Chemist: 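Input: one structure, supplied below.
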Amino acid sequence: MAENGIGARVRRKEDARFLVGKSTYTDDINRPGQAHAVFVRSPHAHATIKKVDISKALKAPGVVAVLTGANMLADKVNGLPAGWQIHSKDGSPMNEPPHIPLAPDKARYVGDHIAVVIAETRNQARDAAELVDVSYEPLKAVVNVAEADKGGAPQVHDQAPGNLCYDWHLGDKAAVDAALAKAAHVVKLDLVNNRLVPNAIEPRAGIGEYDAATDRYTLYTSSQNPHVIRLLMGAFVLGIPEHKLRVVSPDVGGGFGSKIFHYAEEAVLTWAAKKVGRPVKWTAERSESFLCDAHGRDHATHVELALDKDHKFTALKVSTKAAMGAYLSTFAPAIPTWLYGTLLAGVYTTPAVYVETKALFTNTSAVDAYRGAGRPEACYLLERVVERAAWQLGIDPVELRRKNVIPASAMPYQTPVALQYDCGDFGKNLNDAAKVVDWAGFAKRREESKKRGQLRGIGISHYIEACGIAPSAVVGALGGRAGLYESAEVRFHPTGSVTVFTGSHPHGQSNETTFAQIVADKLGIPIENVEIVHGDTDRIPFGMGTYGSRSLAVGGSALVKAIDKVIAKGKKIAAHQLEASEADIEFKDGVFRVAGTDKQKAIGEIALSAYVPHNFPHETTEPGLDESAFYDPKNFTFPSGCHIAEVEVDPETGTTKVLRFVAVDDFGNIINPMIVEGQVHGGITQGIGQALTENCVYDAQSGQLLTGSFMDYCMPKADDVPSFEVSTNVVPCTHNPLGVKGCGEAGTIGAAAAVINALLDALKPLGVKEFDMPASPHRVWQAIQNASRKAAD
Amino acid sequence: MYSFAYHKPTSVKDAAGAFAKGSEARYLAGGHTLLPSMRLRLSHPSDLVDLAGVAELKGIKVDGGTVTIGAMTPHGEVASNAAVAKAIPALAKLAGGIGDPQVRNRGTIGGSLANSDPAADYPAAVLGLGATIKTNKREIKADDYFKGLFETALEDGELITSVSFPVPEKAGYAKFANPASRYAIVGVFVAKTKGGVRVAVTGAGPCAFRQAAMEKALSGGFTADAVANVKHAASGLNSDLHASAEYRAHLVTVMAKRAVAAAS
Ligand SMILES: Cc1cc2nc3c(=O)[nH]c(=O)nc-3n(C[C@H](O)[C@H](O)[C@H](O)COP(=O)(O)OP(=O)(O)OC[C@H]3O[C@@H](n4cnc5c(N)ncnc54)[C@H](O)[C@@H]3O)c2cc1C
């Protein structure tokens, strides 16, 4: 292994600027002559907009303009598009109500954009925003997804009766029903997957700019994928051709999915910049982030698992209601369908799986991809029902899983829900984790806790997920409206250093380090000589951005392809200069050598001669050493793993403490173990957050967001989590050049089920059987009270 | 934030004077409650009278049987003061459990008591120890100070200058923190004093209050078991997203037990 190459624990290159506060986030950018925007947002969850009177606001000090939905309609601004089209069971396309960035006639959630006030200073814009007089006629609101399709529920969109966006399904229903009918055992559960607020540390921000001299727009935005924003906003919303629109996304302080999507603010800022003839800047306040960033999860599900007399799973049937929120966010329709239903075979040999998902509009912020995006919901559901089966049948949960796990020898494995797993050793993940945690010794640890008056429990989550989204042809067939390849350009400079232009766009994933490691390793140059450029549509080739743990598997693969082209070209040049045949040139550790001789040229020399082509094979080769590649994945990648949590519950207060957390993960080959561990730690913490602390709550009557600040929305803190025991079990991916699978979301996908299974194990002696996240002390205490009341009845 | 006039007096007298001149003046201490509410535009003072320059409001004095803490003393200083830790360890521990380090370095005892958040910690100690709140006008006994939700005996413009805590024989504090904000969902302060046992509860009701039945039970024997079966009624207690009134009532007993067990 090269010192800073693949597999090394290289410290993050980007930290030099992040740790000393020298990074450039969108809010750090100020454009000459910029004005400031403040949005007037609906205080009602659901209301007809009768009138928007801007006359007072227009006269306020410093006000440049006040724009409303009426201005947008007059300018023929279109709605924000959904990037994925799902079809219902009956073949009809999903319901896609328009989403004009400034609501012209109806407010559909608390925080909905009604008007924008642009002024010389932010404070002046805020003052004037209070003077915009909106007459509302409040309507009844529906915020709970389980209620949204009931008769008499308020209708979020007139064109979506029953609040239905789509009613989708996957799998063989007849086979599943038949298996359930003749099953020896059927295990049933009703579960709620709680709504979460992503809470990136950097709030969303943007600056729209228009240059009349060149008729060009620029949007600075805190986004995970600038090209996708350019495409969606330019082509669909504002009608700006791509050569006239530049999207720059500089350093991005976290996203967790919430910055994938094209948001109303981006379109408004870009549109308004031309109208007022000045750059227009906006940075979300934290309260706005709570209200208007796309949220995650929010499912209500019924599941049935059929087992035969030998405890083999014979069928799984899942029925889910998934909230879309008030409007369809960019990827929202794909999350509770293709990123959820397809994962319901899990790591098990269940021969028949059927899932149906009803996507429903609610008077809430939109729900879209959030770290894991569909897969955490699938894993949680599956691992909860498997654990319940073990309990109901009185067998060891490890044994039950072993009995049903897909063996490594069965790879590649075709699941009954569309995916084909290329590789993985799930049984080993389970065995390794059970060994690390000392499964057999748990009874003793439980006794020890009991002596201290504490209830101890242990819980497993045996997950698989799908990353590296995805083969474009497959995505297209499933309703995706874009391709999901990635691009890379490797520009070898004359004096031996390299700049990589990548379509991936990190917001905490350390791509600037790991991508540089790949270049250093493959081209044999010092890592200091590599620069990774991302996030600017004027500089980088068309790329699809960073989400779904795809940067390394897809973006890294594109990079390897480009590197291979550089090496291939270098061989041609070296062959010419060394007077050998191209086939005889080997490349290793930065040196081209004629095989079996000591005739060689360093890659730096070759690069120089590519730009100073005095001695150069001009007949066959162009000067320069600058190669691009696009990589379209052949399949999803399938990280898998086993998480085991041990918790202790204080029965007096209901407090749950995670004492241990063991994770054995298979991410395929690992470029930088330190960074992988960091991703796993953060991911697990987010999963524990969902399990124990986080919960986004809207008032059922008023539709107000009750958890609109960190005083009420409980983020997990460092002292809420134990020191993690993580290790890896490497089974290289079979279909990408690096053999990598992706590690960005796995922690979040696996963790929640492990913790809740452990909690239920701890509460077993008290008779608690049902529990929905989060396990806040209050909710756990209530569950204990309810169980003891039931026992007393 | 709306605009306001800013004053930075150097004496209590000038502070009170500046306050009196403003139409809707407010004192500014650590700003950890006031500034967020101004940023959210929930509060709109005409004048801010910053107390940071008033030296006489700062500092901790421990003499004889009394701990006196200046109104502008931040929580962190109380938590780390060796003399306080020796005289009333429960008070130092309480201060050390307020918020996080940033909050403890800015938030002050005067600000906390003037604000009287139903979930604040200090009110439990003030009431539990029978402290005296000194203002620029008078002295107010703890039992007369807390009046209701964010409501105290302070008059408009009255400035807290210090708080005096009589040193008890024994005292303990147990807090069940809100997992999100880490304010008290329920905090119980118990003290065995010359004048008898005092039990004060914060977080559970609109403001801190004494729990008479527990005081009586502990007078018979200052042990955790003595309060283990004293139940607190749920009626009148706070009920919100984080804790129902029933849960808070239950926690009053649990925290009282733990406070007694921790008392030293
Ligand atoms: C994140 C966070 C977590 C917190 N957690 C806790 C917690 O766990 N427990 C807890 O008890 N508290 C907690 N607090 C509150 C904090 O500890 C302070 O006590 C509180 O903010 C008030 O003190 P201050 O000095 O900041 O007052 P300020 O915010 O400056 O003032 C508060 C009010 O008191 C008035 N005032 C201030 N000083 C005086 C005076 N001397 N005389 C008269 N009136 C005065 C002001 O005019 C204002 O109305 C938390 C705060 C934050 C921001």
Side-chain angles (χ1 to χ4, degrees), chain A residues 38 61 121-124 126-127 129-130 197 199 285-288 290 453 650-657 688-689 691-700 704-720 774-786 788-789, chain B residues 1-4 32-33 36-42 44 97 99-103 117-120 174-188 203-204 224 227-229 234 237-259 261:
Chain A
V38 164
T121 70
R122 196 167 170 190
N123 229 22
Q124 286 174 329
R126 278 197 79 165
D127 286 341
E130 288 180 5
V197 182
N199 281 317
E285 308 226 333
R286 183 57 65 180
S287 331
E288 289 183 287
F290 272 101
D650 176 351
E652 256 187 346
T653 62
T655 305
T656 304
K657 188 123 194 74
I688 292 177
L692 294 188
T693 71
E694 297 186 49
N695 201 22
C696 176
V697 184
Y698 285 91
D699 183 77
Q704 296 293 326
L705 179 62
L706 299 179
T707 49
S709 84
F710 292 129
M711 297 297 273
D712 292 307
Y713 186 89
C714 186
M715 295 299 282
K717 301 170 186 71
D719 62 350
D720 287 322
S776 67
H778 181 212
R779 292 169 61 89
V780 172
W781 180 80
Q782 270 177 335
I784 295 172
Q785 299 310 301
N786 293 345
S788 64
R789 219 167 289 143
Chain B
M1 206 178 270
Y2 298 105
S3 56
F4 53 85
H32 262 50
T33 294
S37 78
M38 287 171 67
R39 279 209 61 213
L40 291 168
R41 299 191 158 206
L42 298 171
H44 184 188
D100 49 40
Q102 288 92 324
V103 172
D117 190 298
K175 165 183 183 175
F176 192 79
N178 178 320
S181 73
R182 306 249 163 137
Y183 271 87
I185 281 186
V186 168
V188 178
V227 283
N229 292 315
L237 296 192
N238 305 332
S239 190
D240 54 36
L241 202 61
H242 304 286
S244 62
E246 291 71 30
Y247 183 50
R248 281 193 163 89
H250 166 77
L251 286 176
V252 170
T253 303
V254 176
M255 291 300 119
K257 244 174 28 180
R258 293 183 183 184

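The chains referred to below are lettered A, B, ... by the order of the sequence lines, with proteins before strands, and numbering in each begins at 1. This one's a predicted model, so the numbers in the text were calculated from it and none came from an experiment.
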Chemist: Examine whether an atom of A/S287 lies under 4.5 Å from a heavy atom of chain B, and if so say whether it belongs to the side chain, the backbone or both; otherwise answer neither.
Modeler: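 The answer is the side chain of A/S287.
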Chemist: Assess whether side chain to side chain contact (heavy atoms under 4.5 Å, CB included) is satisfied between B/M255 and A/T653, documenting all intermediate values.
Modeler: CA-CA 9 Å; B/M255 291 300 119; A/T653 62; 4.0 Å; yes
Chemist: For B/L251, which atoms come within 4.5 Å of any heavy atom of chain A: side chain, backbone, both, or neither?
Modeler: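 Contact with chain A: side chain only.
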Chemist: Give me the atom names and distance for the closest heavy-atom approach of B/M1 to A/N123.
Modeler: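 So the minimum-distance heavy-atom pair works out to O-ND2, 3.1 Å.
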Chemist: Locate the shortest heavy-atom distance separating B/A180 from A/F710; write the atom from each residue and the value.
Modeler: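 Heavy atoms of B/A180 and A/F710 come nearest at CB-O, 3.7 Å.
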Chemist: Name the option with the most non-hydrogen atom pairs under 4.5 Å to chain A; the candidates are B/R41, B/K257, B/R248, B/R39.
Modeler: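 The option with the most such pairs is B/R41.
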Chemist: Side chain, backbone, both or neither: which part of B/S244 has a heavy atom under 4.5 Å from chain A?
Modeler: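 Both backbone and side chain.
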Chemist: So which of A/S709, A/P716, A/G654, A/P777 has the biggest tally of heavy-atom pairs under 4.5 Å with chain B?
Modeler: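 Between A/S709, A/P716, A/G654, A/P777, the count favours A/P777.
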Chemist: With a 4.5 Å limit on heavy-atom distance, are the side chains of A/M711 and B/Y183 in contact?
Modeler: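 Heavy-atom side-chain distance check passes, below 4.5 Å.
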Chemist: Select, from A/N695, A/D650, A/T707, the one with the greatest count of heavy-atom pairs under 4.5 Å involving chain B.
Modeler: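 Heavy-atom pair counts peak at A/D650.
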Chemist: Of all heavy-atom pairs between A/E652 and B/R258, which one has the smallest distance, and what is that distance?
Modeler: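 That closest heavy-atom pairing would be OE1-NH2, 2.8 Å.
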Chemist: Output the option from A/L706, A/D712, A/T693 having the highest count of non-hydrogen pairs under 4.5 Å with chain B.
Modeler: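 So the answer, after comparing A/L706, A/D712, A/T693, is A/D712.
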Chemist: Which bit of A/E694 is near chain B, if near means a heavy-atom gap under 4.5 Å: side chain, backbone, both or neither?
Modeler: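 For A/E694, there is no contact with chain B at all, as no heavy atom is under 4.5 Å.
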Chemist: At a heavy-atom separation under 4.5 Å, does A/D127 approach chain B through its side chain, its backbone, both, or neither?
Modeler: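 Contact with chain B is through both the backbone and side chain of A/D127.
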Chemist: Given that the side chain runs from C-beta out, which part of A/D719 has a heavy atom under 4.5 Å from chain B: side chain, backbone, both or neither?
Modeler: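 Just its side chain gets close to chain B.
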Chemist: Go through the atoms of B/Y247 and report whether side chain, backbone, both or neither lie under 4.5 Å from a heavy atom of chain A.
Modeler: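 For B/Y247, the contact with chain A is made by backbone and side chain together.
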Chemist: Using non-hydrogen atoms only, which part of A/Q785 is less than 4.5 Å away from chain B: side chain, backbone, both, or neither?
Modeler: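 It is neither, since no heavy atom gets under 4.5 Å.
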